[in-house]
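Computed from a prediction, not measured in an experiment: that's the story for all the values here. Residues take their numbers from the sequence shown, with the count starting at 1. Every heavy atom of this structure was used, including side-chain atoms; hydrogens, water molecules and symmetry mates were not.
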Amino acid sequence: MMIALLRPGYGRIQIPLRTLCDLLAIGLVALGLCATTLQAAESGSSATTSDEARNEARQAIPLARIHRDHRDKVSMVLSDPSLYRRLPTDVVDCQPEMFTFLAQNPEVLVEIWRKLGVSNVQLIRTGPYTFDLTDGMGTTGTLAIVEQLCEDRAQNRVVMYSEGSYEGRPFKRPVTANCVLLLRSGSMTETNGRPYVAARLDTFVRLNRPSMELLARAVHPFVGKTTDRNFVDTMNFVGNLSYAAERRPESIAQLSDGLENIGPARRQKFVQVAHQCSQAGSPLREARADSKTAQR
């Protein structure tokens with residue numbers, strides 16, 4: 001069953017779709033797959049490609065905690081990326097439980113987009129922390145969560161490694177790339193009682209064709225803005241999904257039933273998280289209802 005996720009004052013959600021950045025740096029396709037990142041940062045901070053930000057992000061990735069199967073590959077990308085970008089920090093009204101669930105289970109978010117008919121991307125879980133990726137437009141690859149620390153109130157750090165290739169126009173030969181994503185998040189309760197999650201995403205991309213690097217760097221300032229906007233759209237989608245879970249957890253259960261590519265255990269967990277969101281939001285809704293009654 002399809003559901004329209006709406007929030008008063010927000011309008012219909014805009015789903016991020018494929019951008020030119022995906023063609024130039026295949027690893028960045030993972031940007032649209034997960035929405036997470038930071039420990040209570042300020043909303044709206046600007047994107048940056050500065051050496052200072054790159055060094056801070058690189059130091060924040062605990063290489064010693066990454067399994068040896070991926071450690072050297074991650075280190076190679078971090079040491080000599082073709083492109084680096086820290087996307088703008090964004091803050092959304094969202095229950096931390098929903099945010100963390102989607103950070104740990106990005107295939108659920110991707111399958112919802114497919115269910116709503118706005119994306120052809122497939123992200124199929126192949127192991128506890130690994131996925132196969134295809135978009136039906138020439139991009140194929142793998143994605144692995146190589147390190148994560150997820151604590152209460154969405155205090156999260158998630159490190160992902162992606163390998164992928166794109167074959168198609170305008171390139172005569174396949175373009176391959178490796179990508180490291182660092183996602184950090186945190187939450188706080190505002191004076192209105194609502195929980196807000198702050199998120200930051202750092203991206204490192206290494207292109208495996210030197211001839212592509214000059215082109216990628218030339219267009220990076222332009223496609224980077226599109227990527228920034230897509231990240232904000234993704235964050236808004238997660239916030240609206242959380243809002244729908246608060247108000248109508250049964251609609252999430254109906255949606256979950258139609259997620260054919262998601263295993264039953266994760267579908268069940270998704271529904272459980274939706275009910276947790278509803279329970280967390282209930283006291284605030286009741287307080288608002290009492291306040292309106294007292295004013296009459």
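Other residues, nucleotides and ligands contribute over 12 non-hydrogen atoms within 6.0 Å of the CD atom of Q272. Around CG of D257, the count of heavy atoms belonging to other residues, nucleotides or ligands within 6.0 Å exceeds 12.
Using a 4.5 Å heavy-atom cutoff, the side chains of C150 and V158 are in contact. At a threshold of 4.5 Å between non-hydrogen side-chain atoms, the residues F131 and V110 do not count as touching. Using a 4.5 Å cut-off on side-chain heavy atoms (C-beta onward), T234 and W113 make contact. Counting only heavy atoms from C-beta outward, the side chains of N105 and R125 approach each other to under 4.5 Å. Contact check for Y161 versus I66: no side-chain heavy atoms found under the 4.5 Å cut-off. Residues N178 and K73 fail the side-chain proximity criterion, which asks for heavy atoms closer than 4.5 Å.
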**Prompt:** Under the side-chain hydrogen bond (donor to acceptor under 3.5 Å, both in side chains) criterion, do N156 and T100 qualify, and how do the steps go?
**Reply:** CA-CA 7 Å; N156 304 328; T100 297; 3.0 Å; yes
**Request:** Would you check, one step at a time, whether the test side-chain hydrogen bond (donor to acceptor under 3.5 Å, both in side chains) holds for D202 with Y84?
**Result:** CA-CA 8 Å; D202 291 276; Y84 164 78; 2.6 Å; yes
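For V232, the side chain to side chain contact (heavy atoms under 4.5 Å, CB included) test picks out D90, N236, with sequence neighbours left out. Taking E260 as the reference, E111, K115 meet the side chain to side chain contact (heavy atoms under 4.5 Å, CB included) condition, with sequence neighbours excluded.
S50 OG to R86 CZ: the interatomic distance, rounded to the nearest 0.5 Å, is 7.0 Å.
When each of Q148, E147, E151 is checked for a side chain to side chain donor-acceptor pair (under 3.5 Å) with R157, only E147 meets the rule.
Side chain of S185 to backbone of A154: a donor-acceptor contact under 3.5 angstrom is found.
By the 30° and 60° cut-offs, the orientation of the rings of F270 relative to F101 is parallel.
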